[in-house]
K.L.:
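A single structure is presented below for examination.
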Amino acid sequence: MISKSELRPGDGVRYLLRGVMVGDGHRPAGTALRDAQDEAGVPPGIWRGRGLDAVGLTVGDVVGERQAELLLGEGRHPDGDRIERERLQAGDDPAKARRASVLGRPIEHNGSPKTEKAKERRPWLGMDLVFRPPPTVHIAWALMGDEERRVLELCQDISVDKTLGWLGESVAQIRSGSGGKHRKPIRDGALIVAVFRHYESRAAESKPLLHDHAVVSIRARRPDGEGTWGNLSADTLLAHIVAADTLYLLYLMEEVSARLGWAWEPREVTPRRRPVMEIAGIDQRLIGWQSTRRQQIEEALFVLTAAYVEEHGHEPGERAAYGLACRAADRTRPPKRKEPRSLSELRERWRESAIAKFGADVVDRLAERARAAAAAVWARVRPVVDVVLAAVDVVAVVYVMRGTFKRHHLLAEARRYLSYVLRGQPHQPGLDETIVQTVVDDYTRPVGRGRKMTADLHALYPRDTDDRAVLRPLIRKRTAPLYARARAAAGALSARVYELRRADRLDSPRGGGGHALEQETDVAALEQTRATIEAVAKMAAKLQDGIRERAVVQDSRPQPAPSVPTPSHTQPPGVQQTPGRTPAGGLA
């Protein structure tokens, strides 16, 4: 997932220089940056982004302390000291020489009494985007061999770069005019980003957490061709964080599946709430071992959610739930450890800890079981996306979750849909946008101003809009969690599409009913296979418990039997379908 925090003058810049750049630890005053990074066991930060050429940097260059202080702490050129010195030597006064090194408007402008609402404005200098893979990726990265570790780090690099590229090309806008009311795309989609890699979580006992802090500079070039600089629109970036998050996960899943041959399955963390995608075949008990901090956050979140329900009388929506999760994380945020350890030392400790708790067989056979589970997934999953079914599913979920929405909400849900359906198989470029455009064109209507829209029920139910039995999942069951209601609505709409297709094919001159019946048979067979695998898994778990009990009696260490890859209990949206022509639209 991607979390975000703003970088502003003062505490924000100090935290960047004293914490983020040295692994979120504590950097004593007077300690050189590289020495502090070596002691913390983290690599130096590197520069990324297509905007580096404009400031004389190259992708992959190490982030220097003074460079970060100038660009991310003052909004100046990363080589601003040299520029200022040369202008002083040329005869400029100090103020003019300093102004020559500033990219765009100086941050001092916001502190001027002449600035409108100066007391209310604290300038943004950057945005810290934290890219965290799912827990099973941390487990595989920490406990498997060096080859898998390097491949997973490469997958993380590629996914972060692609997501940042999308943010620069399709999202980032630069402000202009009075109060920044006018927005235009930045020049060439060029962002300037400093990326810092960390290895650990903030749990009291160190746990693996491979993640990247991508600090995006607020400065960008205007598309005027003159090389002038301005500030990014922070609210535009913030509005697209969830869409970027789902794109990052989609890219990561595809890279891992392509390079390691693993598949993905949805895991239900909280009953009847949105599942998360995990590597299939990874022992679920290891997630609890790795995510000790997650358990603390979930406990705090339970208390906050109960208080919210008591105050408002209903479950929190998607935005409120995200805010509660951030508050729970802040409340349980412990300080980082102070004793330095290298990555090799950390991996050795993590491996010893996992073996002591679950046995060597569980840890040593992680890669083998992941490959076996992937074979089972690919045997029953066909990577085919029906655009019409995808559009119906997306609009149902977003409508129930939000009521009114914008395009980026649909885009985020379309990418979730693709991750559920494809399970790591590559998607056709632009398919997410195609699904969204289908939703906008066929199943929505505008609401008020600001490019908001809502579901067009007349388009979704063209023949019987008064059918209360079909509409009920969309508008009732207020006591059920929002996502459970959204999935019920999507299921009802998908069934509706199947009924219409079947009726149209049975009525067609050539008689296409056999093909539609074959689709329904495939779905039923898939569900029966799913139930059978779950039953076998339960039997295996009972047998495994008996083996452990006998092993304890015999005073010998238990050896867990190979885990049976089981699908999630949560029905994923859009069960894979056989492609074919439909009256409602084409297929991709």
Side-chain angles (χ1 to χ4, degrees), residues 1-3 23-24 40-43 45-46 130-163 195-203 205-214 245 248-265 267 276-294 336-337 341-358 360 362-374 419 424 563:
M1 63 170 292
I2 299 177
S3 61
D24 275 347
V42 296
I46 60 173
V130 184
F131 290 77
R132 295 183 181 88
T136 45
V137 175
H138 307 312
I139 293 168
W141 169 80
L143 301 181
M144 291 187 186
D146 285 333
E147 181 179 355
E148 288 85 358
R149 174 184 64 81
R150 286 191 290 267
V151 171
L152 289 172
E153 289 178 359
L154 176 62
C155 294
Q156 172 76 351
D157 290 337
I158 295 173
S159 305
V160 171
D161 283 344
K162 286 184 175 181
T163 305
V195 180
F196 304 92
R197 173 152 294 173
H198 297 171
Y199 296 136
E200 300 175 79
S201 70
R202 283 186 171 270
E205 181 183 356
S206 172
K207 294 297 181 181
L209 184 63
L210 173 69
H211 61 287
D212 289 325
H213 287 257
D245 176 27
Y248 158 68
L249 177 61
L250 191 60
Y251 281 141
L252 182 65
M253 291 172 58
E254 293 179 359
E255 291 296 330
V256 171
S257 296
R259 297 176 185 276
L260 293 171
W262 300 342
W264 298 74
E265 288 276 24
R267 176 174 67 93
V276 296
M277 300 303 294
E278 301 284 5
I279 300 172
I282 300 294
D283 196 315
Q284 299 293 296
R285 296 171 299 169
L286 289 168
I287 296 178
W289 164 80
Q290 182 267 339
S291 302
T292 54
R293 172 155 162 74
R294 181 185 296 272
K336 275 264 188 167
R337 63 169 180 83
R341 295 175 193 158
S342 65
L343 178 58
S344 59
E345 291 175 329
L346 289 172
R347 280 168 49 83
E348 184 177 353
R349 287 184 176 232
W350 293 331
R351 181 177 176 81
E352 292 174 354
S353 172
I355 290 176
K357 192 166 186 178
F358 304 107
V362 171
V363 176
D364 293 339
R365 298 182 61 188
L366 278 175
E368 176 187 345
R369 289 170 177 165
R371 288 191 294 269
S419 66
S563 61

K.L.:
Does some side-chain heavy atom of Pro134 sit less than 4.5 Å from a side-chain heavy atom of Arg267?
P.N.:
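Arg267 does not reach Pro134 side chain to side chain.
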
K.L.:
Are Val137 and Gln156 side-chain neighbours, meaning at least one heavy-atom pair lies under 4.5 Å?
P.N.:
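Of all side-chain heavy-atom pairs linking Gln156 with Val137, none is under 4.5 Å.
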
K.L.:
Are Glu153 and Arg149 ion-paired here, with the side-chain N under 4.0 Å from a carboxylate O?
P.N.:
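Salt bridge: yes.
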
K.L.:
As an exercise, state the distance from CD of Gln284 to CD of Glu265, rounded to the nearest 0.5 Å.
P.N.:
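The CD atom of Gln284 sits 10.0 Å away from the CD atom of Glu265.
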
K.L.:
Show the nearest heavy-atom pair for residues Ala263 and Ala374, with the distance to one decimal.
P.N.:
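It is N-CB, 3.5 Å.
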
K.L.:
Check whether any side-chain heavy atom of Glu200 sits under 4.5 Å from a side-chain heavy atom of Leu209, and report yes or no.
P.N.:
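They are not in contact (no side-chain heavy atoms under 4.5 Å apart), so the answer is no.
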
K.L.:
Would you mind reporting whether Tyr199 and Ser342 have side-chain heavy atoms less than 4.5 Å apart?
P.N.:
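Sidechains of Tyr199 and Ser342: no contact.
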
K.L.:
Got a second to check how far Asp157's CG is from Phe131's CZ, nearest 0.5 Å?
P.N.:
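Going from the CG atom of Asp157 to the CZ atom of Phe131 covers 11.5 Å.
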
K.L.:
Indicate yes or no: at least one non-hydrogen side-chain atom of Val256 is less than 4.5 angstrom from one of Trp264.
P.N.:
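Contact flag for Val256/Trp264 side chains = yes.
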
K.L.:
So how far is it from Met144 CE to Glu368 CD, rounded to the nearest 0.5 Å?
P.N.:
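CD of Glu368 is found 10.5 Å from CE of Met144.
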
K.L.:
Relative to the ring of His198, is the ring of His213 parallel (under 30°), tilted (30 to 60°) or perpendicular (over 60°)?
P.N.:
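Answer is tilted, since the angle falls between 30° and 60°.
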
K.L.:
Taking the side chain as every heavy atom from C-beta outward, state whether Asp146 and Arg347 have any atom pair closer than 4.5 Å.
P.N.:
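When only atoms from C-beta onward are counted, Arg347 and Asp146 do touch, with a gap below 4.5 Å.
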
K.L.:
Would Trp350 and Leu143 count as a side-chain contact (heavy atoms from CB on, under 4.5 Å) here? Give the steps.
P.N.:
CA-CA 7 Å; Trp350 293 331; Leu143 301 181; 4.3 Å; yes

K.L.:
Would you check, one step at a time, whether the test salt bridge (charged side-chain N to carboxylate O under 4.0 Å, His left out) holds for Arg369 with Asp364?
P.N.:
CA-CA 10 Å; Arg369 289 170 177 165; Asp364 293 339; over 6 Å; no

K.L.:
For the atom pair NE2 (His138) and CG (Leu152), what is the distance rounded to the nearest 0.5 Å?
P.N.:
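The CG atom of Leu152 is 11.0 Å from NE2 of His138, to the nearest 0.5 Å.
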
K.L.:
Test side-chain contact (heavy atoms from CB on, under 4.5 Å) on Arg285 and Val362 and set out the steps.
P.N.:
CA-CA 10 Å; Arg285 296 171 299 169; Val362 171; 3.5 Å; yes

K.L.:
Taking the side chain as everything from C-beta on, heavy atoms only, tell me whether Ile139 gets closer than 4.5 Å to Ile279.
P.N.:
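In short, these two side chains do not touch, never coming nearer than 4.5 Å.
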
K.L.:
Could you tell me whether the side chain of Thr163 and the main chain of Ser159 form a donor-acceptor pair under 3.5 Å?
P.N.:
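The answer is yes, because a donor-acceptor pair under 3.5 Å joins these two groups.
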
K.L.:
Looking only at heavy atoms, which two atoms of Glu148 and Ala367 are closest? And how far apart?
P.N.:
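Reported closest heavy-atom pair: OE2-CB, 4.2 Å.
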
K.L.:
Distance check, rounded to the nearest 0.5 Å: Asp212 atom CG versus Tyr248 atom OH?
P.N.:
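It is 7.0 Å, given to the nearest 0.5 Å.
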
K.L.:
Using side-chain heavy atoms (C-beta onward) and a distance below 4.5 Å, is Arg197 in contact with Leu210?
P.N.:
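Yes. Closest side-chain heavy atoms under 4.5 Å.
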
K.L.:
Search all heavy atoms of Gly424 against all heavy atoms of Met253 and return the closest pair with its distance.
P.N.:
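The pair with the smallest heavy-atom distance is N-CE, 3.7 Å.
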
K.L.:
Roughly how far apart are Leu366 CG and Trp262 CH2, rounded to 0.5 Å?
P.N.:
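If we round to the nearest 0.5 Å, Leu366:CG and Trp262:CH2 are 8.5 Å apart.
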
K.L.:
For the pair Val42 and Phe196, evaluate side-chain contact (heavy atoms from CB on, under 4.5 Å) and give the outcome as yes or no after the intermediate values.
P.N.:
CA-CA 9 Å; Val42 296; Phe196 304 92; over 6 Å; no

